[in-house]
Asker: 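The structure's right below; bear with me while I get my questions together.
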Amino acid sequence: MARESGYCAIEDYGIIGDMHTCALVSKNGSLDFMCWPVFDSPSVFCRLLDKDKGGHFSIHPSHGISPISKQRYLPYTNMLETRWIDENGVINLLDYFPVSSHKSPQSDKHLSGWCPCNEPGVNRFKSGLRHSGFVRKIDCGRGAMEVEVELFPAFNYARDSHIARCSLDNNTQDHRLQTIHFESATERLQVQIFVDSREPDKHGFPETHFEMQEKPGLKGKGLYAKLKMAEAQTVTFVVHSPEKSVPGENIMGSYLNRLETETFDYWTEWTRKCTFRGHYREQVERSLLILKLLTYKPTGAVVAAPTFSLPENIGGTRNWDYRYSWVRDTAFTLYVFLKMGYAEEAEAYITFIFDRIFPPQHSQALLEGKRPFLPIMFTIRGEYEIPEYELDHLEGYRGSRPVRIGNAAAFHTQLDIYGELLDSIYLYNKHGNPISYDQWLAIRRMVNYVVEVRHEHDMSIWEVRGQTQNFVYSKVMLWVALDRALRLAEKRSSLPCPDRAEWLRVRDELYDEIMERGYNAEKGFFAQSYESRDILDAAVLILPLVFFLPANDNRFLSTLEKILEPPEKGGLSSARLVFRYDHTKANDGISIILALSLTDFAD
């Protein structure tokens, strides 16, 4: 894995987490990114965005050793294993956040993996609880190998200085459990180091050298350790907030074994619920595990990504903060959860949307026309005022400035989100639980808003730079919103629907409008917008998937044929991937998601 620039390739990171926050671990064993204590909190480690100042927690064989390195997830889990294999020995590194579906008698006191955020009396939107932690277990499976450890936090996006308090002893036979306290003005972390051996009489304990050091660019001391590991020996690092503790040295070994077992059981039991039985089942289950990992457990919100400010292209400026929940992205995620047998996750998000995101009936900002009915995105707690800042002191991934936190795009006009959300609500009513009367009232308000704005321009799914337009994709999704509302009214005939006739009229008028103004009859394809009738847009591949047209409709088939042609012939397909649209006419990138959409029509 090349690291000549001081940065690992983004694709060389694995992810671990506990549905509160996540950490990224590279193939060379370095934890280079983590926000603490939740997804959108300030970072504690972010070497991913500044190799010198960002902070890291690295574990790797000592210099001079060149072992083979492998990384994998333990089957059916979000537990990450990195292995180094050398002729003289094998080292296994297991990284995970403890998670558990069982509350133990000591869960209130000890780090346990149990989430108390939804317990009675706790405000899940503003709990402030710090109960997460992560474990890094180094295990020598064969022979012997020397390992180096560096643990250098950088609190508050590497802006805050910190102090480190500890009294480390290299006599690990008599001091098997040791503690380091890191404290800044805004956050505290506690690190437990536990040395163990499966056969102490035969192999003894690891030889250790602990040292607190300072590094240029970092604002406080960190740990440097050299560990001489032999077969059956382990060294485990447990990182957590001081609000939680760990047991004493005598029972620490059994406690860590229980954490590992319960975490393994939690993930395997969750994966076992998957109802998918087709080809590529392993890949589907891995994708579901990642989606689950990106779900904020207290509220059900799903973040688009656990990271901020990674560049769309190296050296570019389109570096956004994606630690928030987008209506569109989550609507597609809900569809997947429902189809794969995970109704509980879908219910959590639907409840969150109705409780926190739908505006009150007499919202002043909505009545005055100051903002859309829904924001396009919001925080994991349901806030949508998200100030955007630049962190000038960080150089960005491989020099890609600026580094941004926050996101000011919450009230961009993207009208397609109403169709995507209502489609998910319709599926939830069908495959999950029936919607309530109060939820139906909120849906009616949203659909009436759709009726009002159906002729407005927007930025649509690609957030195209330049003037807003009548994008065909957005018009289709507005049609979907109306169609699913009518279907809901039919399925739940007891729910009152005084505007049914108006919804039906507008839905049918919008359909005719799309077929007339959105289809370029001369060239034989659905265009990107009413104004850009000569531009192909791969987003229209969704038409059969939302039942706007059957997949064998001639207009759709001719559009599909155009999209499948290479760019030099006016199409959008290249190397089995699909451009969003003609980037020579509208400068933008490539979307892998659309390549996957094509598989729905391959048969």
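Position 1 is the first residue of the sequence, and the numbers go up from there. Side chains included, hydrogens not; waters and symmetry mates left out as well; all remaining heavy atoms used.
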Asker: Per the salt bridge (Lys or Arg N to Asp or Glu O under 4.0 Å) rule, what does the pair list look like for residues 337-351, sequence neighbours excluded?
Answerer: K292-E345

Asker: So, do I380 and Y324 sit near enough that their side-chain heavy atoms are less than 4.5 Å apart?
Answerer: no

Asker: Look up atom CZ in R72 and atom CG in L74, then write down how far apart they are to the nearest 0.5 Å.
Answerer: 5.5 Å

Asker: Can you pull the ring-ring contact (aromatic ring centres under 6.0 Å, His included) pairs that have at least one residue in residues 240-262, sequence neighbours excluded?
Answerer: none

Asker: If only side-chain N and O atoms count, and only distance matters, is there a donor-acceptor pair under 3.5 Å linking S104 with S107?
Answerer: yes

Asker: Salt bridge check, K70 against E81: does any charged N sit closer than 4.0 Å to a carboxylate O?
Answerer: no

Asker: Taking V149 as the fixed residue, which of T208, L227, V235, I193 is the one that meets the side chain to side chain contact (heavy atoms under 4.5 Å, CB included) rule?
Answerer: L227

Asker: Between F358 and F373 (judged by ring centroids, cut-off 6.0 Å), do the two rings come close enough to count as a pair?
Answerer: yes

Asker: Centre of Y7's six-membered ring, under 6.0 Å away, within 45 degrees of the axis: is that where NZ or CZ of K51 sits?
Answerer: no

Asker: Roughly how far, to the nearest 0.5 Å, is the SG atom of C35 from the CG atom of D40?
Answerer: 8.0 Å

Asker: Only counting residues at least two apart or in another chain, list the ones meeting ring-ring contact (aromatic ring centres under 6.0 Å, His included) with F205.
Answerer: none

Asker: Spell out, as yes or no, whether a donor-acceptor pair under 3.5 Å connects the side chain of S309 to the backbone of P402.
Answerer: yes

Asker: May I ask you to test the D12-Q71 pair for a side-chain heavy-atom distance under 4.5 Å?
Answerer: no

Asker: Could you work out, with side chain to side chain donor-acceptor pair (under 3.5 Å) as the rule, every residue matching T330, not counting sequence neighbours?
Answerer: S325

Asker: Go through the side-chain N and O atoms of Q192 and T179 and say whether any donor and acceptor fall under 3.5 Å apart.
Answerer: yes

Asker: Using a strict 4.0 Å threshold on nitrogen-to-oxygen distance, state whether K137 and D95 make a salt bridge.
Answerer: no

Asker: Quick one: do D108 and K103 make a salt bridge, cutoff under 4.0 Å?
Answerer: yes

Asker: Can you list the residues that meet the ring-ring contact (aromatic ring centres under 6.0 Å, His included) rule with Y73, with sequence neighbours excluded?
Answerer: none

Asker: So, R47 and S30: side-chain donor and acceptor under 3.5 Å apart, yes or no?
Answerer: yes

Asker: Please examine the side chains of F134 and L31, heavy atoms only from C-beta on, and report whether any two atoms are closer than 4.5 Å.
Answerer: yes

Asker: Decide yes or no on side-chain hydrogen bond (donor to acceptor under 3.5 Å, both in side chains) for W114 and E119, but give the supporting numbers first.
Answerer: CA-CA 11 Å; W114 169 257; E119 290 184 348; 2.9 Å; yes

Asker: Please confirm whether R272 makes a cation-pi placement over Y76, using NZ or CZ under 6.0 Å from the six-membered ring centre and within 45° of the ring normal.
Answerer: no

Asker: Check whether any side-chain heavy atom of H181 sits under 4.5 Å from a side-chain heavy atom of P242, and report yes or no.
Answerer: no

Asker: Distance alone, cut at 3.5 Å: any donor-acceptor contact between the side chains of R286 and N78?
Answerer: yes

Asker: Once salt bridge (Lys or Arg N to Asp or Glu O under 4.0 Å) is applied, what residue pairs with a partner in residues 422-432 remain, sequence neighbours excluded?
Answerer: D423-R484

Asker: Do any pairs count as a salt bridge (Lys or Arg N to Asp or Glu O under 4.0 Å) and have a residue in residues 157-170, sequence neighbours left out, and if so which ones?
Answerer: R165-E183

Asker: Using side-chain contact (heavy atoms from CB on, under 4.5 Å), reason through M340 and V284 one step at a time and then give a plain yes or no.
Answerer: CA-CA 9 Å; M340 296 297 109; V284 169; 4.0 Å; yes

Asker: Which heavy atom of L422 sits nearest to which heavy atom of A485, and what is that distance?
Answerer: CD1-CB, 4.4 Å

Asker: Could you list the residues that satisfy side chain to side chain donor-acceptor pair (under 3.5 Å) with T21, not counting sequence neighbours?
Answerer: none

Asker: Between H56 and F45, does the ring centroid distance fall short of 6.0 Å?
Answerer: no

Asker: Of the non-hydrogen atoms in L394 and C46, which two are nearest, and what is the gap between them?
Answerer: CD1-SG, 4.4 Å

Asker: Regarding T271 and E285, is there a side-chain donor-to-acceptor distance under 3.5 Å anywhere?
Answerer: no

Asker: Side chains of F337 and T295: does their closest heavy-atom pair fall under 4.5 Å?
Answerer: yes

Asker: In this structure, which one of W36, F237, Y224, F152 forms a ring pair (Phe, Tyr, Trp, His ring centres under 6.0 Å) with F57?
Answerer: F237

Asker: Going by atom types only, do D32 and S26 share a side-chain donor-acceptor pair under 3.5 Å?
Answerer: no

Asker: Quick test of your reading of the model: are E187 and R130 salt-bridged, counting only N-O distances below 4.0 Å?
Answerer: yes

Asker: Among residues two or more places apart or on two chains, list those pairs meeting salt bridge (Lys or Arg N to Asp or Glu O under 4.0 Å) that have a residue in residues 293-306.
Answerer: none

Asker: Check whether any side-chain heavy atom of T379 lies under 4.5 Å from a side-chain heavy atom of I386, and answer yes or no.
Answerer: yes

Asker: Quick one: CG on N429 to NZ on K491, what's the gap to the nearest 0.5 Å?
Answerer: 8.0 Å

Asker: Please list, chain by chain and in numerical order, all residues satisfying ring-ring contact (aromatic ring centres under 6.0 Å, His included) with Y342, sequence neighbours excluded.
Answerer: W270

Asker: With a 4.5 Å cut-off on side-chain heavy atoms, are Q190 and F182 touching?
Answerer: no

Asker: Could you tell me whether the side chains of H102 and E262 share a donor-acceptor contact shorter than 3.5 Å?
Answerer: no

Asker: Determine, using ring centers only, whether F411 and Y384 are less than 6.0 Å apart.
Answerer: yes

Asker: Looking at residues at least two apart in the chain, or sitting in another chain, which of them share a salt bridge (Lys or Arg N to Asp or Glu O under 4.0 Å) with E199?
Answerer: none

Asker: Step through it carefully: locate the ring centre of F308, locate the ring centre of Y322, and say whether they are under 6.0 Å apart.
Answerer: no

Asker: Once you measure the plane-to-plane angle for H131 and H20, does it fall in the parallel (<30°), tilted (30-60°) or perpendicular (>60°) bin?
Answerer: perpendicular

Asker: Cut-off 3.5 Å, side chains only: do R83 and N92 have a donor facing an acceptor?
Answerer: yes

Asker: What's the separation between atom OG1 in T299 and atom CZ in R356, rounded to the nearest 0.5 Å?
Answerer: 9.0 Å

Asker: Distance from L151 atom CG to S58 atom OG, nearest 0.5 Å?
Answerer: 8.5 Å

Asker: Going by heavy atoms in the side chains, are Y418 and D416 under 4.5 Å from each other?
Answerer: no

Asker: Looking only at atom types and distance, does a side-chain atom of H162 sit under 3.5 Å from a main-chain N or O of K221, one as donor and one as acceptor?
Answerer: yes

Asker: Counting only heavy atoms from other residues, nucleotides and ligands, does the tally under 6.0 Å from CD of Q173 exceed 12?
Answerer: no

Asker: Mind checking ring-ring contact (aromatic ring centres under 6.0 Å, His included) for Y96 and listing every partner two or more places apart, or none if nothing turns up?
Answerer: none

